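Notes follow once the structure below has been shown.
Predicted model only: the values in this text are computed from it and were never measured. When a ligand or atom number is given, it counts from 1 through the structure's own listing order.
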Amino acid sequence: MADYLPFTRPSIDEETIESVAEVLRSGWITTGPKVAEFEKRLADYLGGGRFLRSFLHATGALEEALVIAGVKPGDEVIVPAMTFAASANVVLRLGAKPVLVDVDLKTRALNMDQAAAAVTGKTRAIMPVHLNGLAADLDAVYALAKKHGLRVVEDAAQAIGTSYKGRKIGSFGDLVVFSFHANKNLTTIEGGAVSLADAEETRQLETLRFHGITKHSDGTMDVTRPASKHNMTDVAAAVGLGQLKHLDEFNKKRRDLAYRYLDLLGDEKLGVVPARGDQGHSWHMFTLLPRYNRACPDRKTLRERMHARGIGLGIHYQALNQFSLYRNMGYREGQFPNAERIGLETVTLPLFPAMALADVERVRAALAACLEMG
Ligand SMILES: *Cc1c(COP(=O)(O)O)cnc(C)c1O
């Protein structure tokens with residue numbers, strides 16, 4: 001029996017493990033020189049002369065980016081109905097309203113016609129999500145934002161190393177938020193970052209990241225706002241520095257695996273495959289809408305059968321209006337047909353840098369057998 005194939009697994013090399021041990025032995029383990037180095041190297045990697053500030057996680061970074069964008073209680077923020085719960089939860093945490101719109105079935109990016117129709121006098125920001133590592137239609141997003149004077153907070157949690165029309169996500173744009181959670185294309189175990197263009201907003205972000213503190217040159221400090229605490233540790237940054245060295249190589253491996261999947265599944269006999277995108281797609285995840293049938297009627301059955309064959313399938317994601325929090329806000333079943341279909345049917349196939357091309361064939365064969373479609 002072959003090894004169990006999970007849908008994802010981080011790749012941490014021995015050099016990175018040794019660098020973590022060095023930080024632990026150094027006597028300085030929280031925010032310090034490694035964090036400063038990680039921020040600098042990441043800003044250099046992205047390019048575009050941007051400010052880059054690290055966070056403990058993308059959830060906190062998204063929330064504070066919305067504060068910088070001026071989102072206040074009663075405001076509205078346009079968010080796709082198909083995303084991880086954090087994207088919309090942070091809007092609610094600020095007392096604002098996430099206004100959901102549907103997504104495209106193959107790209108899973110927010111539908112820009114619906115986004116345009118959702119703008120009201122209360123709309124303050126729009127949050128495109130680069131789901132699965134494929135950039136949303138940013139030309140359309142920024143055109144809509146410009147037309148209505150909206151801020152843009154890009155949820156780029158899944159898009160480190162992704163490009164849009166040849167430009168790296170985070171090298172341009174308004175407020176761009178990355179995640180370095182253990183499953184993401186680059187990990188710091190838990191972590192996040194905001195890329196932004198404005199020096200004064202960067203200074204504000206720093207106070208929002210650390211207790212609302214402004215430090216003075218004489219060693220004293222002032223506290224100017226009741227802020228929270230989101231600073232990354234040097235231990236996490238050491239992991240991130242080790243990862244960053246391999247990011248392009250990891251993403252190339254992901255693309256090779258994804259293209260193999262597309263070669264084997266592209267006829268859509270077994271289900272609806274994702275959009276191919278261009279070379280800028282970082283393939284954070286490869287998702288499939290399988291063709292369920294009488295022999296294999298639903299996702300639960302498929303996941304159990306695949307699990308029995310040693311293959312793990314993820315679920316990314318249920319639609320936001322399928323959760324009680326959003327039902328209780330008045331969102332109903334049937335409002336976002338694509339997001340809801342994805343929510344009920346989608347599976348995430350194994351895809352991570354250490355996986356072999358032969359594993360893709362194993363997954364394809366197991367899917368065909370489990371769906372009883374040869
Ligand atoms: C992972 C993820 C987040 C949250 O990131 P954390 O670093 O775990 O807080 C937010 N949005 C999307 C789309 C994500 O995939």
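- Looking only at protein heavy atoms, the nearest one to atom 14 (C) of ligand 1 is A157 CB, 3.3 Å.
- Comparing D155, T187, L131 against atom 10 (C) of ligand 1, the shortest heavy-atom distance belongs to D155.
- Contacts of A58 with ligand 1, taken as heavy-atom pairs under 4.0 Å, involve both backbone and side chain.
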**Study point:** Residue pair H230, F210: steps toward the ring-ring contact (aromatic ring centres under 6.0 Å, His included) verdict
**Key:** CA-CA 6 Å; H230 305 281; F210 201 69; over 10 Å; no
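- Assignment of F55 to the shell around ligand 1 is not supported, since no heavy atom sits closer than 4.0 Å.
- Between the side chains of T346 and R108, at least one donor-acceptor pair of N or O atoms lies under 3.5 Å.
- For the ligand labelled ligand 1, residue K184 lies inside the 4.0 Å heavy-atom shell.
- Residue-ligand proximity, T59 to ligand 1, at heavy-atom distances under 4.0 Å covers atoms 4 (C), 6 (P), 9 (O).
- In terms of protein heavy-atom proximity, atom 8 (O) of ligand 1 is nearest to H181 CB, 3.8 Å.
- A side chain to side chain contact (heavy atoms under 4.5 Å, CB included) with L313 is found for one member of L288, L5, V347 and no other, namely V347.
- Both the backbone and the side chain of H57 come within contact range of ligand 1, each with a heavy atom under 4.0 Å.
- At least one test fails for R260 against the ring of F286: distance under 6.0 Å to the centre or angle within 45° of the axis.
- For atom 15 (O) of ligand 1, the closest non-hydrogen atom of the protein is Q158 NE2, 2.8 Å.
- Counting heavy atoms from C-beta outward, F336 and Y331 have side chains that approach closer than 4.5 Å.
- When each atom of ligand 1 is checked for a heavy atom of T83 under 4.0 Å away, the hits are 13 (C).
- Counted within 6.0 Å of NZ on K106, heavy atoms from surrounding residues, nucleotides or ligands total more than 12; the atom is thus considered enclosed.
- Between G191 and ligand 1 there is a heavy-atom distance shorter than 4.0 Å.
- Applying the 6.0 Å contact sphere to CD of E333 captures no more than 12 heavy atoms from other residues, nucleotides or ligands.
- In this structure, CG on L367 lies 6.0 Å from CG on L349, to the nearest 0.5 angstrom.
- Close approach to Y317 involves these atoms of ligand 1, each under 4.0 Å from a residue heavy atom: 15 (O).
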